[in-house]
Amino acid sequence: MNWLDSWDRQQEVYIRDRERRYDVMLAFLEELAPAEPLVLDLAAGPGSTAVRVLDRLPGARCLAVDVDPVLQRLGRDAYGDAGGRLTWIRADLRDPEWPSALGAGRVDAVVSTTALHWLRPEELAPLYRTLRELLAESGGPFLNGDHFPFPRETPRIRAAAQRVDQRRQDDAVAAGADDWAAWWEALRADPDLAAEHAARAGLWPEDGRGFASASLAFHQAALDTAGFTESAIVWQDLDERVLLALP
Ligand SMILES: C[S@@+](CC[C@H](N)C(=O)[O-])C[C@H]1O[C@@H](n2cnc3c(N)ncnc32)[C@H](O)[C@@H]1O
């Protein structure tokens, strides 16, 4: 079983145009990051964004940060250190000390995909302050491709978008992709990953995590407060968006 191929198919259940989203993010990265950048992939999982950065920008190096030992093991097994260009760092972004694990006080760009909606608003605000500090010297971009729900003030639009999204998910599963639960269930049966599964247990509450509690308005206000001077949506499909912020 190629777990990373099936990871990509599983993620596409939720983000139909995931590769298009990457294409836009990488185009802005090329445009706004300095040559041969050091790029931080936040909540990198198995390195999905990091490896696309390395493919697209031949001079780039990436730091792939995530707390999940299972996904990091899959990424490490598949890509290793990518010829010295990829560093895997296990850290929890909820821990204020996480930047000390980076081994770098500055980076040239920060990217993240489908991940920061796992953080609560009170966890995002300090994270953005840290990113602003990491980007202070380079002035490079922060590109966050994620699920930013439509506001509750537009309830019919929000509900219609959810229905369209659900139909897309149902179609993708009917066409043979695993959804999140099915993918993890299959992976748990792999005995080679038993130690990582044990280390993963308890990282998050089992009963759902209140995802996507932060609105787009909150994200932009928090970026502003952290000292980013511009932020804007540069790509969108339903409530999947790419938010670009500049120091
Ligand atoms: C849906 S996956 C996305 C992974 C990858 N960025 C991608 O797009 O394929 C969400 C990732 O966020 C990571 N994550 C969530 N909360 C985190 C935290 N507090 N610290 C570090 N990583 C976190 C999870 O471990 C998981 O790998």
Side-chain angles (χ1 to χ4, degrees), residues 3-33 37-57 60-68 70-72 74-75 78-79 82 86-89 91-93 98 107-119 123-124 127-128 131 134-135 140-149 165 168-169 172 177 179-180 183-184 204 209 211-212 214 216 219-220 223 231-245:
W3 292 116
L4 290 191
D5 278 352
S6 65
W7 169 262
D8 284 339
R9 300 294 81 74
Q10 176 255 107
Q11 286 290 291
E12 285 165 359
V13 170
Y14 305 98
I15 311 119
R16 190 179 64 178
D17 292 321
R18 186 167 175 255
E19 292 306 323
R20 178 75 188 131
R21 184 187 69 178
Y22 279 127
D23 182 52
V24 171
M25 291 178 70
L26 295 172
F28 275 98
L29 194 60
E30 284 176 318
E31 193 61 37
L32 293 167
L38 177 63
V39 179
L40 169 60
D41 181 1
L42 272 190
S48 316
T49 312
V51 295
R52 286 166 175 81
V53 169
L54 297 180
D55 273 356
R56 179 88 158 242
L57 281 72
R61 289 172 297 127
C62 281
L63 307 173
V65 173
D66 202 284
V67 71
D68 187 325
V70 180
L71 293 178
Q72 279 213 329
L74 295 182
Y79 309 118
L86 177 57
T87 305
W88 298 95
I89 296 162
D92 189 333
L93 299 173
W98 75 267
V107 296
D108 296 313
V110 180
V111 294
S112 184
T113 53
T114 324
L116 299 187
H117 66 271
W118 291 42
L119 299 182
E123 294 163 340
L124 282 169
L127 176 69
Y128 286 167
L131 299 188
L134 288 169
L135 290 168
F142 167 42
L143 284 151
N144 181 17
D146 204 3
H147 169 68
F148 297 94
D165 187 32
R168 288 183 180 183
Q169 292 182 30
D179 66 9
W180 177 264
W183 187 83
W184 278 101
W204 297 286
R209 303 178 16 80
F211 281 166
L216 176 61
H219 281 272
Q220 290 194 277
L223 287 164
S231 73
I233 295 298
V234 294
W235 178 88
Q236 176 167 355
D237 179 27
L238 300 179
D239 62 7
E240 291 298 328
R241 314 181 210 219
V242 174
L243 177 58
L244 165 61

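Nothing fancy with the numbering, it's 1 onward along the sequence.
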- What residues form a salt bridge (charged side-chain N to carboxylate O under 4.0 Å, His left out) with Asp239, not counting sequence neighbours? none

Quick one: closest heavy-atom pair of [X] and [Y], and the distance?
X	Y	result
Leu40	Leu131	CD2-CD2, 4.4 Å
Ala60	Leu54	O-CD2, 3.4 Å
Leu86	Ala64	CD1-CB, 4.0 Å
Leu4	Ala78	CD1-CB, 3.4 Å
Ala50	Asp41	N-OD2, 3.0 Å
Leu71	Asp68	N-OD1, 3.2 Å

- Task: Output, in order, the C-alpha distance, side-chain angles, deciding distance and verdict of side chain to side chain donor-acceptor pair (under 3.5 Å) for Arg21 and Thr114.
- Result: CA-CA 11 Å; Arg21 184 187 69 178; Thr114 324; 3.1 Å; yes

- Task: For the pair Asn144 and Tyr128, evaluate side-chain contact (heavy atoms from CB on, under 4.5 Å) and give the outcome as yes or no after the intermediate values.
- Result: CA-CA 11 Å; Asn144 181 17; Tyr128 286 167; 4.1 Å; yes

- Note on the structure: Value for OG1 (Thr113) from CD (Gln11), rounded to nearest 0.5 Å, stands at 7.5 Å

- Taking atom CG of Leu42 and atom CG of Leu143, what is their separation to the nearest 0.5 Å? 11.5 Å

- If the plane angle is over 60° it's perpendicular, under 30° parallel, otherwise tilted; pick one for Tyr79 and Trp88. parallel

For a 4.5 angstrom cut-off between non-hydrogen side-chain atoms, does [X] reach [Y]?
X	Y	result
Cys62	Thr87	no
Asp23	Arg56	yes
Asp179	Trp183	no
Val111	Val39	yes
Glu240	Asp165	no
Arg61	Pro37	no
Ile233	Leu244	no
Leu135	Phe142	yes

Got a salt bridge between [X] and [Y], using NZ or NE/NH1/NH2 to carboxylate O under 4.0 Å?
X	Y	value
Arg168	Asp237	yes
Glu19	Arg52	yes
Asp146	Arg241	no

- Task: Evaluate the criterion side-chain contact (heavy atoms from CB on, under 4.5 Å) for residue pair Met25 and Trp235; output intermediate values, then yes/no.
- Result: CA-CA 9 Å; Met25 291 178 70; Trp235 178 88; over 6 Å; no

- Task: Mind running side chain to side chain donor-acceptor pair (under 3.5 Å) on Tyr14 and His147 for me, showing each step along the way?
- Result: CA-CA 9 Å; Tyr14 305 98; His147 169 68; over 6 Å; no

Test your reading of the model: is there a side-chain donor-acceptor pair from [X] to the backbone of [Y], 3.5 Å cut-off?
X	Y	value
Glu30	Leu57	no
Gln236	Leu238	yes
Asp108	Leu38	yes
Gln220	Ser231	yes

- Can you name the ring-ring contact (aromatic ring centres under 6.0 Å, His included) partners of Trp180, sequence neighbours left out? Trp7, Trp118, Trp184

- Note on the structure: The complete set of salt bridge (Lys or Arg N to Asp or Glu O under 4.0 Å) pairs with one or both residues in residues 42-51, sequence neighbours excluded, reads none

- Item | Candidate pair Leu127 and Trp98, rule side-chain contact (heavy atoms from CB on, under 4.5 Å), full reasoning | CA-CA 10 Å; Leu127 176 69; Trp98 75 267; 3.5 Å; yes

- Message: Set out, in order, the CA-CA distance, both residues' side-chain angles and the distance that settles side-chain contact (heavy atoms from CB on, under 4.5 Å) for Leu93 and Leu116, then state yes or no.
- Response: CA-CA 9 Å; Leu93 299 173; Leu116 299 187; 4.3 Å; yes

